[in-house]
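All remarks here apply to the structure that follows.
Note that ligands are numbered from 1 as they come in the structure, with each ligand's atoms numbered from 1 the same way. Counting from 1, the numbers follow the sequence of the chain as shown.
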Amino acid sequence: TEYETILVEQRGRVGWITLNRPQALNALNGQVADEVAAAASAFDVDEGVGAIVVTGSEKAFAAGADIKEMEGMTSAEMLSTDHFGAWREFAAVRTPVIAAVAGYALGGGCELAMMCDIILSADSAKFGQPEINLGVIPGMGGTQRLIRAVGYYKAAELVLSGRIIGADEAERIGLVSRVVPAADLLAEATALAETIASKSLPSVYAAKATLDAAMETPLAEGLAAEKVAFAELFDTADQKEGMAAFREKRPPHFVHR
Ligand code: HXC
């Protein structure tokens with residue numbers, strides 16, 4: 001497939017999607033959304049891919065939804081074209097996705113990072129939801145996922161004030177899992193993605209699906225979903241292999257079945 005706004009590459013069992021609109025600091029227009037969703041979905045149906053990394057440039061992960069594309073739109077157009085719909089497809093992939101963030105992750109850029117399962121942050125990263133400065137609000141999940149990540153009061157301050165935060169604050173409030181020197185970001189993302197991709201694919205899918213369920217369900221319902229997902233894995237070859245390998249004191253050889 002030919003992509004114009006992203007670079008797509010598979011290295012081993014890891015699928016890489018690099019946002020590549022440097023002239024607009026990787027602003028997320030409709031074409032970027034369609035291409036990221038298509039690339040992620042293609043990796044998602046490939047059993048040779050066990051983890052996906054989404055990254056940008058040193059200067060910008062993504063500086064937001066494309067303001068120039070949205071500026072002239074009406075409410076009716078926004079709704080009828082389902083302007084951010086492709087991102088739902090991206091957020092629904094079953095393969096774990098790591099956002100490797102350097103530079104600006106603002107507005108839709110921060111929201112894209114939050115659609116991923118793990119956010120690795122360079123020390124250069126800047127996160128925020130500055131939509132309020134444009135006379136709008138976050139529109140790609142920022143009001144919902146940010147609260148679930150950092151709690152109501154931090155999210156409310158960030159969404160209402162538009163304040164931009166650095167990597168250390170983002171780590172302190174629980175938005176990012178780890179801050180690394182900018183020069184090490186891609187190596188750290190590679191190591192983490194390869195670690196995840198080395199696990200048994202059925203258990204990785206089940207882990208992501210069950211973690212996702214926790215965002216949506218009351219505790220009892222989530223625990224019931226976990227019970228079923230846990231039990232289902234006992235029909236996989238990899239569960240027998242993983243537990244035999246433990247007993248035999250050797251590394252497991254997973255076949256992803
Ligand atoms: C379209 C953008 C853009 C964006 C940057 N550019 N962000 N184009 N949409 N979100 C373009 C600029 O217009 C400029 O193009 C080029 O990228 C370089 O940007 P500069 O502003 O010159 O760079 P710099 O001075 O380094 O400032 C970086 C910045 C600033 C602080 C990140 O670009 C900025 O504030 N961007 C907007 C951030 C923002 O408000 N994001 C939220 C977007 S709304 P030219 O052609 O002039 O060189 C959003 C809503 C999501 O995400 C949900 C739906 C409502």
Take atom 34 (C) of ligand 1 and look for protein heavy atoms under 4.0 Å from it; say yes if you find one, no if not. no
Could you establish whether E69 and ligand 1 come within less than 4.0 Å of each other, counting only heavy atoms on the residue side? no
Heavy atoms of S124 and E58 approach each other most closely as OG-O, 4.3 Å
Flag A65 as yes when one of its N or O atoms lies below 3.5 Å from any N or O atom of ligand 1, and as no otherwise. yes
For E111, the ligand 1 atoms with a heavy-atom partner under 4.0 Å come out as 51 (C), 53 (C)
Do ligand 1 and G139 have nitrogen or oxygen atoms that lie under 3.5 Å from each other? no
Give yes or no for whether the N/O distance cutoff of 3.5 Å, strictly under, is met between I67 and ligand 1. yes
Suppose we measure from atom 17 (O) of ligand 1 to each protein heavy atom; which comes out shortest, and what is that distance? A24 CA, 3.3 Å
Could you list which atoms of ligand 1 come closer than 4.0 Å to a heavy atom of G108? 49 (C), 51 (C), 52 (O)
Would one find more than 12 heavy atoms of other residues, nucleotides or ligands at under 6.0 Å from atom CZ of R257? no
May I ask whether Q129 places a heavy atom under 4.0 Å from ligand 1? no
Please name the pair of heavy atoms, one in S161 and one in N133, separated by the smallest distance, quoted to 0.1 Å. O-OD1, 4.3 Å
Among all protein heavy atoms, pick the one closest to atom 20 (P) of ligand 1 and tell me residue, atom and distance. L25 CD1, 4.4 Å
Distance filter under 4.0 Å to G107 heavy atoms, resulting ligand 1 atoms: 42 (C), 52 (O)
Closest non-hydrogen atom pair between V179 and D123, with its separation: CG1-CA, 3.7 Å
I137 heavy atoms, cut-off 4.0 Å: which ligand 1 atoms fall inside? 55 (C)
What are the atoms of ligand 1, with element, lying closer than 4.0 Å to any heavy atom of P130? 39 (C), 40 (O), 41 (N), 42 (C)
For atom 30 (C) of ligand 1, is the nearest protein heavy atom under 4.0 Å away? no
Looking only at distances, can you tell me whether any N or O atom of P138, backbone or side chain, sits closer than 3.5 Å to an N or O atom of ligand 1? no
Please report the closest heavy-atom contact between I118 and S177, naming both atoms and the distance. CG2-OG, 3.3 Å
Closest non-hydrogen contact found for V204 with G50 is CG1-O, 4.4 Å
Mode of A63 contact toward ligand 1 - side chain, backbone, both, neither (heavy atoms, under 4.0 Å): both
Any idea which atoms of ligand 1 are less than 4.0 Å away from a heavy-atom of Q23? 15 (O), 16 (C), 17 (O)
If the cut-off is 4.0 Å to any non-hydrogen atom of L134, which atoms of ligand 1 fall inside it? 40 (O), 43 (C), 44 (S)
Give the residue, atom name and distance (to 0.1 Å) of the protein heavy atom nearest atom 12 (C) of ligand 1. K68 NZ, 3.8 Å
With only distance considered, is Y104 within less than 3.5 Å of ligand 1 through an N or O on each side? no
Taking only Lys NZ, Arg NE, NH1 and NH2, and the carboxylate oxygens of Asp or Glu, determine whether E169 and K154 approach each other closer than 4.0 Å. yes
